[in-house]
Amino acid sequence: MKLKDYIRLGWDQLQRRKVVTALCTVGIAIGSASIMVALGFGESIQHYSQKQMSFYLKTDEITITDQNNDPNSPPKLTTSKLELIRTFPHVKSVASFQDLGQFNFTVDDGKQSYLHLIATELSALEDFDSKFGQGGATNQDNHIVLNYGATLGVMDSKTIETRNKLMQQNPTKEQAETYRQMGAIPYPLYQKQLLLKANNFEEQTGGNSGTSLAEPREVTLRVTGVLKKPDGLPDSMLQGNKTAYVSPQTGQKILEALNKSAQNGRVQYSEVKVKIDNSVNVKQVDEWIKKLQLNTQTNLYQEDRMKGEFVIVRLLLTGVGLFVLFVASISIVVAMTMSTHQRRRQIGIMKVLGANLKQIRNMFIVESSLLGMLGGLVGIMLSYWVIWGINLIIIRFGSNSGEPAEILFISFWILPVGMFFAVMTGVLSGLYPAIKASRTDALTAIKRE
């Protein structure tokens, strides 16, 4: 007998026993779909979590700090080293950050507030996951970029004074909440001119001469960009995070205006961040940077810990699928054994006509394989329906953050894995009935019928 003859006979038997075939197919389909959904769920969540960790935990970034406690010694973190790091493979962007301190500012219409000023390459802000809600980065001097928190709580001096007095008079819980909400009201600062003055400025002395330096003058900057509000955070949580960014050239001019510029023209970086194209390459680039005698920090341990947890979740879900397949295999064994009992006369006649043991076994194994393949095909469709339904729920009840809500998917490599488990379940479940059928005595089977 040829393979097509086995397939024809097996398919004919499956069509004859439609109810049993349907029940076995459903069992295999549920089991194989459980495995495919488990693998797809694990891969999707890991992919989504890596993306979220890269955004929130910055697992694709390396932070470089200069822990030099001696102010007289030259800094280890120099401009030449930064230029060298920019040439490293897998490095997408490098941004230096120089802390300029806290400043009070006054808007051109008299409103007041404060901010924390940092000098950095403004063009690199978007490379480090900062998105502009208004305007953008420019290379011109005397321009400033604000984060969303810096636009909150901008009020006139009289309102600020009145609110502070009321806050000191033991207000009720409702009044205190109202005063706090006043600090979370956004104010349009885009394209406004800000008059900056250092907060808590102390006079400096000129060396050993004892002569005090002139009082620093105020600095006027124009707001050319406002960063987008972070997703999922209310204004009340952002009102304390008031940060602004200027270019390194503007930052140096501000330090000179405040008589705080470094001696010998040295630039003291607070930190430097390096953006890597993929978190997989962070460890290699980190080793290269350390060879420059620089201190680095990464969050790779967080990613490794999460990967270990996802492996456990994937194994648990796969175990559930294997258990369902095991239950389905029992139903196949029962169904094929009953089929063997019901087809004793057919088996006896085939043996009398010259069918050998191998042909009888192959007939039942092919039949159970077809049953497994049919269950695998239905399982593929079922797994896509399950993933589609879960994504539909996520889209309907998920957050409107602008990110794509459809996070679950099934890769193509998972489909043959699910089909393999389904077919193997059918084959292994059909071995015992096939062996039992091949050992059926022909004359006894014909006499009983």
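Keep in mind that this is a model prediction, so the values were computed, not measured.
Counting only distance, with no hydrogens or angles, the side chain of S270 and the backbone of D99 share a donor-acceptor pair below 3.5 Å. Counting only distance, with no hydrogens or angles, the side chain of S411 and the backbone of I414 share no donor-acceptor pair below 3.5 Å. Using a distance-only test at 3.5 Å, with no hydrogens or angles considered, no donor-acceptor pair links the side chain of Q239 to the main chain of G149. Side chain of R222 to backbone of Q191: a donor-acceptor contact under 3.5 angstrom is found. Judged purely by atom type and a 3.5 angstrom limit, T106 has no side-chain atom pairing as donor or acceptor with the backbone of Q112. Looking only at distances, no side-chain donor or acceptor of N281 sits under 3.5 Å from a matching main-chain atom of H90. Between the side chain of K275 and the backbone N or O of V91 there is no donor-acceptor pair closer than 3.5 Å. Between the side chain of D108 and the main chain of K192, no donor-acceptor pair closer than 3.5 Å is present. A donor-acceptor pair under 3.5 Å links the side-chain atoms of S369 to the main chain of I365, judged by distance alone. Of the possible polar contacts, one joining the S34 side chain to the I30 backbone as a donor-acceptor pair under 3.5 Å is found.
Of the listed residues (I393, V386, L392), just one forms a side-chain contact (heavy atoms from CB on, under 4.5 Å) with I390, and that residue is V386.
F97 and F128 have perpendicular rings, their planes meeting at more than 60° on a 0 to 90° scale where under 30° would count as parallel.
Residues L100 and G251 come closest through the heavy atom pair CD1-CA, 3.8 Å. Of all the heavy atoms in G379 and S32, the pair that sits closest is CA-OG, 3.6 Å. Between K242 and G153, the closest heavy-atom pair is NZ-N, 4.4 Å. Between G418 and M36, the shortest heavy-atom distance links the atoms CA-CG, 3.7 Å. Heavy atoms only, all atoms of each residue included: L146 and A244 are closest at CD2-CB, 3.5 Å. The two atoms that bring G376 and A422 nearest to each other are CA-CB, 3.6 Å, heavy atoms only.
No more than 12 heavy-atom neighbours from other residues, nucleotides or ligands sit within 6.0 angstrom of CD on Q293. Shown here is Y148, whose OH atom has more than 12 heavy atoms of other residues, nucleotides or ligands within 6.0 Å.
Taking CD1 of I64 as the reference point, atom CG of D286 lies at 8.5 Å (rounded to 0.5 Å). One finds the OH atom of Y190 at 14.0 Å from the OG1 atom of T151 (value rounded to the nearest 0.5 Å). Interatomic distance, S44 OG to I387 CD1, rounded to the nearest 0.5 Å: 6.0 Å. Between atom CZ of residue F103 and atom OH of residue Y114 there is a gap of 15.0 Å, rounded to the nearest 0.5 Å. Summarising the geometry, atom CE belonging to M155 is positioned 7.5 Å from atom OG belonging to S113; distances are rounded to the nearest 0.5 Å. Put simply, CG on L227 and CD on Q134 are 10.5 Å apart, with the number rounded to the nearest 0.5 Å.
The closest side-chain donor-acceptor pair between H116 and T243, if any, does not fall under 3.5 angstrom. With 3.5 Å as the limit, one finds no donor-acceptor pair spanning the side chains of T120 and Y269. Neither side chain, D60 nor S279, offers a donor N or O lying under 3.5 Å from an acceptor on the other. Inspection of the D127 and S93 side chains reveals an N or O donor paired with an N or O acceptor under 3.5 Å.
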Are E367 and R361 close enough, and set up right, to give a salt bridge (Lys or Arg N to Asp or Glu O under 4.0 Å), and what steps lead you there?
CA-CA 10 Å; E367 183 177 335; R361 285 198 302 267; over 6 Å; no

Checking K253 against D141 for the side-chain contact (heavy atoms from CB on, under 4.5 Å) test, could you report, in this order, the C-alpha distance in whole Å, the side-chain angles of both residues, the deciding distance, and whether it holds?
CA-CA 9 Å; K253 291 183 179 180; D141 293 339; 2.9 Å; yes

Mind running side-chain contact (heavy atoms from CB on, under 4.5 Å) on L221 and V223 for me, showing each step along the way?
CA-CA 7 Å; L221 301 175; V223 179; over 6 Å; no

Does L294 form a side-chain contact (heavy atoms from CB on, under 4.5 Å) with K76? I'd like the steps, not just the answer.
CA-CA 7 Å; L294 297 174; K76 295 182 179 180; 4.1 Å; yes

Should F421 and I28 be marked as a side-chain contact (heavy atoms from CB on, under 4.5 Å) after you check the CA-CA gap, both sets of side-chain angles, and the distance that decides it?
CA-CA 9 Å; F421 276 102; I28 296 178; over 6 Å; no

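Scored by the side-chain contact (heavy atoms from CB on, under 4.5 Å) test, K158 finds D156, T162 as partners (sequence neighbours excluded).
Electrostatic pairing of E83 and R86 counts as a salt bridge here, judged by a charged N lying under 4.0 Å from a carboxylate O.
Between I289 and V274, some side-chain heavy-atom pair lies under the 4.5 Å cut-off. Under the 4.5 Å side-chain criterion, counting only non-hydrogen atoms from C-beta, L39 is in contact with I35. Inter-residue side-chain proximity for L82 and L77 is flagged as met; some heavy-atom pair is nearer than 4.5 Å. Contact of the L125 side chain with the V145 side chain is registered, since non-hydrogen atoms from C-beta on lie closer than 4.5 Å. Looking at heavy atoms from C-beta onward, L415 lies in side-chain contact with Y384 at the 4.5 angstrom threshold. Under the 4.5 Å side-chain criterion, counting only non-hydrogen atoms from C-beta, M182 is in contact with T159. Side-chain contact between I144 and L117 is present, with heavy atoms from C-beta onward closer than 4.5 Å. Contact of the I62 side chain with the K273 side chain is not registered, since no non-hydrogen atoms from C-beta on lie closer than 4.5 Å.
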